[in-house]
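Below: one structure, written as structure tokens.
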Amino acid sequence: MKLNKYIYSKMLEVEYEALPWAEEDIDDWIADWYNDTFPNYRDETKPRGPPMWLCGPRWYDRRKRIIAEAKEAEEKVEKEKVEKEKAKEK
């Protein structure tokens, strides 16, 4: 099945007034289509995974990457802060 037909069939599955899909949903559909169309013959227990140019995180989406890195750094600082407070209590 062609990719455009697959996405079109996925869109027809839902009755909608407004677009209920996000970009990530369509990326998931593309990944599902790719895994159904191109199976992993080397290791059938793992999906082969589509190439990056087809779907998934984009190397040029710098804003999302920076936000995610900042969130991780903030969580790490908070975790260290809690650990230091626990160490002081002992």
Side-chain angles (χ1 to χ4, degrees):
M1 177 182 294
K2 287 186 169 183
L3 179 56
N4 60 344
K5 288 182 180 181
Y6 184 84
I7 292 173
Y8 182 73
S9 69
K10 284 290 190 179
M11 289 179 165
L12 290 179
E13 288 178 3
V14 179
E15 292 182 22
Y16 59 91
E17 292 177 12
L19 290 178
W21 314 286
E23 183 179 343
E24 293 81 20
D25 296 329
I26 296 173
D27 268 355
D28 291 342
W29 298 345
I30 293 170
D32 292 342
W33 168 82
Y34 188 85
N35 289 330
D36 291 344
T37 306
F38 304 102
N40 187 355
Y41 293 112
R42 291 185 195 153
D43 186 0
E44 294 182 9
T45 61
K46 297 178 184 176
R48 181 172 162 176
M52 241 177 145
W53 58 266
L54 187 58
C55 71
R58 306 287 191 245
W59 63 269
Y60 54 81
D61 197 354
R62 189 168 179 248
R63 182 174 181 266
K64 283 184 183 179
R65 188 177 70 241
I66 290 172
I67 290 171
E69 289 172 357
K71 188 174 181 179
E72 287 176 14
E74 184 178 320
E75 290 172 356
K76 183 178 177 183
V77 168
E78 287 293 321
K79 185 178 177 183
E80 290 173 355
K81 191 177 184 181
V82 170
E83 289 174 359
K84 285 181 182 180
E85 288 177 8
K86 286 183 181 180
K88 286 182 182 180
E89 290 176 0
K90 291 181 181 180

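With C55 as the fixed residue, the side chain to side chain contact (heavy atoms under 4.5 Å, CB included) test singles out one of L3, I26, D27: D27.
Criterion: ILVMFWY side-chain heavy atoms under 4.5 Å apart, direct or through other members. Under it, F38 and Y41 are not part of a common hydrophobic cluster. The hydrophobic cluster containing V77 does not contain I67, counting ILVMFWY residues as joined when their side-chain heavy atoms lie under 4.5 angstrom apart, directly or transitively.
Counting heavy atoms from C-beta on, the side chains of P50 and W33 never come closer than 4.5 Å.
For the side-chain hydrogen bond (donor to acceptor under 3.5 Å, both in side chains) condition, no pair includes a residue of residues 71-80, sequence neighbours left out.
The distance from atom CG of N35 to atom CG of N40, rounded to the nearest 0.5 Å, is 8.5 Å. T37 OG1 to Y6 OH: the interatomic distance, rounded to the nearest 0.5 Å, is 8.5 Å.
Partners of D25 under the side chain to side chain contact (heavy atoms under 4.5 Å, CB included) rule, at least two apart in sequence or in another chain, are W21, A22.
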